[in-house]
There are 2 protein chains.
Amino acid sequence: MMARTTIDDVAARAGVSIKTVSRVLNDEPGVRSETRGRVREAISALSYRPSLPARSLAGRRSNLLGLVYANPSANYVFDVQSGAMARCRDAHLRLFIQSCNDRGDETVEDVLAMVDQTHVDGLVVTPPLSSDAELIAALEERRVPFVRLAPDVVGTRSPAVVMDDEEAAREMTEHLLALGHKRIGFVEGHPDHPSSRLRRSGFEAALALAGLDEDQPVEQGHNDVASGLKAGRRLLTRVDRPTAIFASNDDMAAGVIQAARELGLDVPRQLSVAGFDDSQIASIVWPALTTIRQPTYDMAFAAAGLLIDLVRGRQVPAVTRLDHQLVLRNSTGEAP
Amino acid sequence: MMARTTIDDVAARAGVSIKTVSRVLNDEPGVRSETRGRVREAISALSYRPSLPARSLAGRRSNLLGLVYANPSANYVFDVQSGAMARCRDAHLRLFIQSCNDRGDETVEDVLAMVDQTHVDGLVVTPPLSSDAELIAALEERRVPFVRLAPDVVGTRSPAVVMDDEEAAREMTEHLLALGHKRIGFVEGHPDHPSSRLRRSGFEAALALAGLDEDQPVEQGHNDVASGLKAGRRLLTRVDRPTAIFASNDDMAAGVIQAARELGLDVPRQLSVAGFDDSQIASIVWPALTTIRQPTYDMAFAAAGLLIDLVRGRQVPAVTRLDHQLVLRNSTGEAP
DNA sequence: TTGTAGGCGTTATCAT
DNA sequence: ATGATAACGCCTACAA
């Protein structure tokens, strides 16, 4: 590789000292605009690009943010990366992405090693790492600024970006009510996930608001297709069979559809089925699922934005709640 | 953040000079093994982690590799990243990942800026960037070591890791022919992806070999489910409806299955559908897709390995070809 | 408004 | 086999 263009080259060409160039680079005040112009010109003429390592070594910022994940879902990871990268690009920062080990204390070790070695200014921590108590504690102890994406528990120490599970569940329920359904079954999510409770209470709130009998059938699920299938069978073999079933996630909704097929029920003509998440399976299953879209890209974009504010010492809200979206597909229809 | 542990701390604890610590860090010869042990001990006792920026500033290596992509497929990108990261982890190197703009000369600018700023030692260039002539030329001019993943033209200047798209497509087509299909529709991949052409020509070669009418219906797709759906609709509403459709990737094949369902066609009894890639979606759709397993992860792993050899000055083969595999599932069957 | 000197944490060079 | 010292390219602190 040829000798790199340095700040000295720029300074020489613009006829100023390197300190002045540095000021222009960092948008610092105290440079006459005419001088600033000359420097800018020199920079682009030489297509000078400041060395990130040199900056992070000399300054107290590295202009590098980090993103850690330990997630098996390609689509989710891809969206998260894209959102965070886009925000960083806007701010002329770089993003260092790392996939981490998710078994035990290796996680903490993994992340801290990355932070130490790369000198990132801060971290976007994505689920499930964002709910890893050990990791969170370790980061707080190190005073590494970080923003959590969709954490289970919203602590007050680090900012979090979330969506409104309760409100979304309410909207979905209202959609079903609007279609004329009076008996709506609910499949609750995994008991360990806080979002499960939120989604159920959204469901119940909508029913209450509609003045509907609160005694609607509810089954416990565990967020996988198999538990959705079982719950579906139980709900659909009741004497007072519901005309719609709202499952707390898409996988369970897919299970419910299977149960309906077993029993010879047509979806959505005889049974409406609704999911939650808008994961890949939602558009693959037949009929495609009416569901709630979690704005993954936007959440990551926002998280990176908050992190930027955070490392620049600005105040940021503890919780940022982004809008979800009701996605209408073919699994829901008029009540029979 | 608390004061970082530096090489001086380690040197002090081990009772040696920082140069000796540096030698141990870099596995350089000329250190008594007893001394080496003491240093190693000090390193782990202090959980010292050398600063990447400092190393890249001082040395002629940064211990950082880069990976660039400009690809809309989440699954592909995810696999590529995972493979390259794993290889880097093995070699105790870090990987800097960047998504690039894919419009015109911005691409070159984007990549070069990244290289300059981060000081990466070399680059893994993934498709479609690996076939971007301008970019390749620019990288060669800069003398940036790089390895290309699945490039369309295999040049001699930079090493390439490929699979045999043409041969694989031929095998798949032969599979369909063996099942007795005589009218086979083809959904071509994204026009910017070099593999698209190769897959099509493999398809056509097999037909020619079978002495079949070459005038089989072909539709253009864009590697996503939506374009597969559209292409499927067009193919399946022809008067001379094909009994099998071979889509250039799994996402589009999933779209074709949707189209079939819309039209009330049973897969595979009335229509066989074949995909390519063996991505996640292939085993999620119903029926599960017969497809070609592209060893994406392994290819990226290999590419990173070659790059490591390259930056260390070792000789590497110009072309590394990895084996694909025909995966038979339930979406293909006897011609009706 | 601009410039000078010193240092960030490591590797390279040249001693010893 | 080991160490002292000068880079690397930039920013911080202070001076002019």
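Reminder, nothing fancy here: chain letters follow the sequence lines and each chain counts from 1.
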* Footprint string (nucleotides 4-16 of chain C, 5' to 3'): B base within contact, S backbone only, - free, heavy atoms under 4.0 Å -> B--BBBBBBB---
Atom pair [atom1]/[atom2] of [X] and [Y] - distance to nearest 0.5 Å:
| X | Y | atom1 | atom2 | result |
| --- | --- | --- | --- | --- |
| I43(A) | R13(A) | CD1 | CZ | 11.5 Å |
| L307(B) | C88(B) | CG | SG | 7.5 Å |
| T20(A) | R32(A) | OG1 | CZ | 10.0 Å |

When you measure from the side chain of [X] to the backbone N and O of [Y], does any donor-acceptor pair fall under 3.5 Å?
| X | Y | result |
| --- | --- | --- |
| S130(A) | L149(A) | yes |
| S51(A) | Q117(B) | no |
| S82(A) | F78(A) | yes |

* Asked: dG3(D) C1' sits how many Å from R38(B) CZ, rounded?
  ->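 So the CZ-C1' distance, R38(B) to dG3(D), works out to 14 Å.
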* Asked: Does some side-chain heavy atom of R23(A) sit less than 4.5 Å from a side-chain heavy atom of R36(A)?
  -> no
* To do: Return no unless some side-chain N or O of T20(A) is found under 4.0 Å from OP1 or OP2 of dT2(C).
  =>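 For dT2(C), OP1/OP2 do not have a side-chain N/O of T20(A) under 4.0 Å.
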* To do: May I ask you to say what T35(B) touches in the nucleic acid, namely base, sugar-phosphate or nothing, with a heavy-atom cut-off under 4.0 Å?
  =>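 Sugar-phosphate, backbone atoms only, no base.
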* **Salt-bridge present (R40(A), D27(A); N to O < 4.0 Å)** =>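 A salt bridge is present here (some side-chain N lies under 4.0 Å from a carboxylate O).
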* Asked: Quick one: bend of the helix from dT1(C)-dA16(D) to dT16(C)-dA1(D) from 5 pairs per end, to 10°?
  -> 30°
